[in-house]
Participant: 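Below are the structure tokens for one structure; questions will follow.
Keep in mind that this is a model prediction, so the values were computed, not measured.
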Amino acid sequence: MKIHRNRVKWICLFLIAIIPIISYGYNDTIFLIRHGLNVWGSIFEGDGLLSFYMYNHMDVLNSEKLGYLACDAMYEFPIYAIMAVWDLPLWIVQNLTGMDVAATWWGILWGKTLFVVFLVYGAYLIKKICLEIGIEEEKSVWAGVIYLTSLITFSSVYIIGQCDTIGIAFGLLGIYYYLKGANKRFLLFFSIAISMKLFVMVVFLVLVLLKEKRILYILRDLVAGIGVTIVSKLLFFGNVQKSSFSGDFLVKILNNKLPVSTAGTVPVSVVLVGLVLVCCYLTKAYSNKKMVCYSMLALFGLFISYQSTPYVWMYLAPFVSILLVFDNIYQKETVVLATVGEAALVLSHMLYFYWCYDVDKVNRTVIGQIFGMASYEEESFSIRYFTGNQISNMISGCLTAAFIVAMVGMMAAKMIRKAGESISEKEWNNAMYVRIVFNTIIAYVPLVFYVVNRIMNVM
């Protein structure tokens, strides 16, 4: 009977995730699919693999002339290598038929599935990490479920379809081997993760500084951590048509400053992340709880220091998931604060970054093919119609503030509450089920706009 109930739960989890997955096709998903296809194009139609970035740039120019969605590749090559392997069937179909497969509903779904596969693998690794740090089996499974059903996951992966889950999975693999004491594997997998997006570097520095206090050894590990990035840059050196995500990212995070220096202004991100890293270095007694909390704090400080895009918050989701189940204290407050905080963040993003969630993104998918195209004129019923004004921007800002307060409150509650103040395991499980239902309702809000839009068009 228990096996049957668990099977039903996993089926329900699959169903609530698959609907937004098949309902949205954001621009970046199409861009990323094209990049994967162009890896093969550079090999068989260009000047070889090392011409990838230039080949991709020429394809962008041709695609824009034809009115297709395209953009220059901006990440280091390892992530495109993974996408190329996954997108090989699409490249074969494209070459046999001449179709623009990246913009078809089935091409978008295929490309998006790669990110979901790495998401599920990440959930499995979160369970393994929890078991490694001594969390009981059932709560370790819950940690993976929390990751899969987080509103941040709904937004970043199921709706927007971003590739961050790939780098996160390699980072989680690095954390697992860090806990196992396998230093070489820890450095290898984090080096791969860092090459995909630099956000993982913050967690890497936290882990290194918590255990290593010798300066030369810290520098050694730092060089190893950026090793794959250096190799990638050297291999493709001279590809002048390669955009720089890392460069643009650094400009953004250093641009928001505190006016406290007579010589200029001090970047907020450097202060916030630097404070956490100093605490890590000064910490003498390592603990797994400190590792989780400091990693989450460093990422949190980084992301609130500049106007970050919706999907970067995906890097916070694994640590929220682990922290919620970390000890044997069943705290309803932490579940409520995490849930309310994530809801505030995602609703804020829906208002400010409306184009990531709006009805026109449904038109490209199987849902749009089956139920019809939504109207996206200026006066059409859409998220855009209610945003872009002073009131919506003010609400978005207040929601972001609520998210910050809720996340800080969650971390504080986890640190100061005692075992005698906890609820029963059954009550905690029920709170988690309510969290999943609540997250699903919020995540489906953009889809409601599509349904109303279609009904108004038909009428």
Side-chain angles (χ1 to χ4, degrees), residues 150-152 156 164 167-168 171-172 174-175 190 193-194 197-211 218 222 225 245-246 248-261 265-283 286-324 326 334 337-338 340-342 344-346 348-349 352 396-416:
S150 165
L151 253 177
I152 299 173
S156 303
D164 299 86
I168 289 171
L172 289 170
I175 292 174
F190 257 101
I194 290 167
K197 284 193 181 179
L198 274 178
F199 305 125
V200 189
M201 173 66 84
V202 174
V203 178
F204 176 73
L205 289 172
V206 167
L207 300 182
V208 170
L209 293 175
L210 276 174
K211 282 193 174 181
I218 292 171
L222 181 61
F245 173 82
S246 300
D248 294 342
F249 161 67
L250 288 173
V251 170
K252 278 186 178 181
I253 66 168
L254 296 176
N255 198 41
N256 204 10
K257 301 177 180 180
L258 293 169
V260 295
S261 171
T265 49
V266 179
V268 179
S269 55
V270 175
V271 174
L272 295 178
V273 177
L275 285 171
V276 177
L277 295 181
V278 167
C279 289
C280 293
Y281 182 74
L282 294 176
T283 298
Y286 169 86
S287 74
N288 291 325
K289 193 166 192 175
K290 288 178 182 177
M291 182 269 290
V292 176
C293 289
Y294 280 139
S295 296
M296 183 172 171
L297 267 175
L299 286 171
F300 185 74
L302 175 65
F303 294 150
I304 65 172
S305 70
Y306 75 105
Q307 191 180 51
S308 51
T309 51
Y311 35 86
V312 304
W313 291 99
M314 191 64 206
Y315 291 87
L316 204 66
F319 299 102
V320 174
S321 305
I322 296 171
L323 199 60
L324 283 176
F326 194 87
T334 55
L337 286 168
V340 171
E342 289 177 3
L345 179 70
V346 172
S348 171
H349 289 158
Y352 195 85
S396 177
C398 290
L399 287 168
T400 303
F403 160 74
I404 293 172
V405 171
M407 285 294 110
V408 172
M410 185 205 74
M411 288 185 278
K414 205 65 182 175
M415 297 298 292
I416 64 179

Participant: CE of M411 to CG of L323: how many Å apart, nearest 0.5 Å?
Facilitator: 8.0 Å

Participant: Quick one: pull up CZ in F319 and CG in L172 and give me the separation to the nearest 0.5 Å.
Facilitator: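 Answer rounded to 0.5 Å: 6.5 Å.
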
Participant: Is the closest side-chain heavy-atom distance between I152 and L345 below 4.5 Å?
Facilitator: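 Side-chain contact under 4.5 Å: yes.
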
Participant: Answer yes or no: is there a side-chain heavy-atom contact under 4.5 Å between Y294 and L209?
Facilitator: no

Participant: So, do M291 and V206 sit near enough that their side-chain heavy atoms are less than 4.5 Å apart?
Facilitator: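 The answer is no; the side chains never approach within 4.5 Å.
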
Participant: Does a side-chain heavy-atom distance below 4.5 Å link V276 with F300?
Facilitator: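 Not in contact.
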
Participant: Identify the heavy atoms of M407 and E342 that sit nearest to each other, and give their distance.
Facilitator: CE-N, 4.3 Å

Participant: Does a side chain donor of either S156 or W313 reach within less than 3.5 Å of an acceptor in the other side chain?
Facilitator: no

Participant: Taking C-beta and beyond as the side chain, do L399 and H349 meet within less than 4.5 Å on heavy atoms?
Facilitator: no

Participant: For L299 versus V202, what's the shortest heavy-atom pair and its separation?
Facilitator: N-CG1, 4.0 Å

Participant: Considering residues at least two apart in sequence or located in another chain, which fulfil the salt bridge (Lys or Arg N to Asp or Glu O under 4.0 Å) criterion with K211?
Facilitator: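 Scan of K211 (salt bridge (Lys or Arg N to Asp or Glu O under 4.0 Å), adjacent residues dropped) gives none.
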
Participant: Are the side chain of S269 and the backbone of S305 linked by a donor-acceptor contact shorter than 3.5 Å?
Facilitator: no

Participant: How long is the straight-line distance from OG of S150 back to CE of M314, given to the nearest 0.5 Å?
Facilitator: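 These two atoms lie 6.5 Å from each other.
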
Participant: With the side chain counted from C-beta on, respond yes when L207 and F190 share a heavy-atom pair under 4.5 Å apart, and no when they do not.
Facilitator: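 Yes; the side chains approach each other to less than 4.5 Å.
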
Participant: Mind checking the CG-CG spacing from L205 to L277? Nearest 0.5 Å is all I need.
Facilitator: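 If we round to the nearest 0.5 Å, L205:CG and L277:CG are 5.5 Å apart.
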
Participant: Among F204, Y306, F303, find the residue that satisfies the ring pair (Phe, Tyr, Trp, His ring centres under 6.0 Å) test when tested with F199.
Facilitator: F303

Participant: Checking side chain to side chain contact (heavy atoms under 4.5 Å, CB included) against M201, which of V273, L222, L302 comes through?
Facilitator: L222

Participant: I'd like to check M410 versus V320 (side-chain heavy atoms, cut-off strictly below 4.5 Å). Are they in contact?
Facilitator: yes

Participant: Is the backbone N or O of A344 less than 3.5 Å from a side-chain atom of S348, with the two atoms forming a donor-acceptor pair by type?
Facilitator: no

Participant: Given side chains that start at C-beta, do those of N288 and Y286 come closer than 4.5 Å, heavy atoms only?
Facilitator: yes

Participant: Take a 6.0 Å sphere around CZ of F403 and say whether it holds more than 12 heavy atoms from other residues, nucleotides or ligands.
Facilitator: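 Buried by this count: over 12 neighbours within 6.0 Å.
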
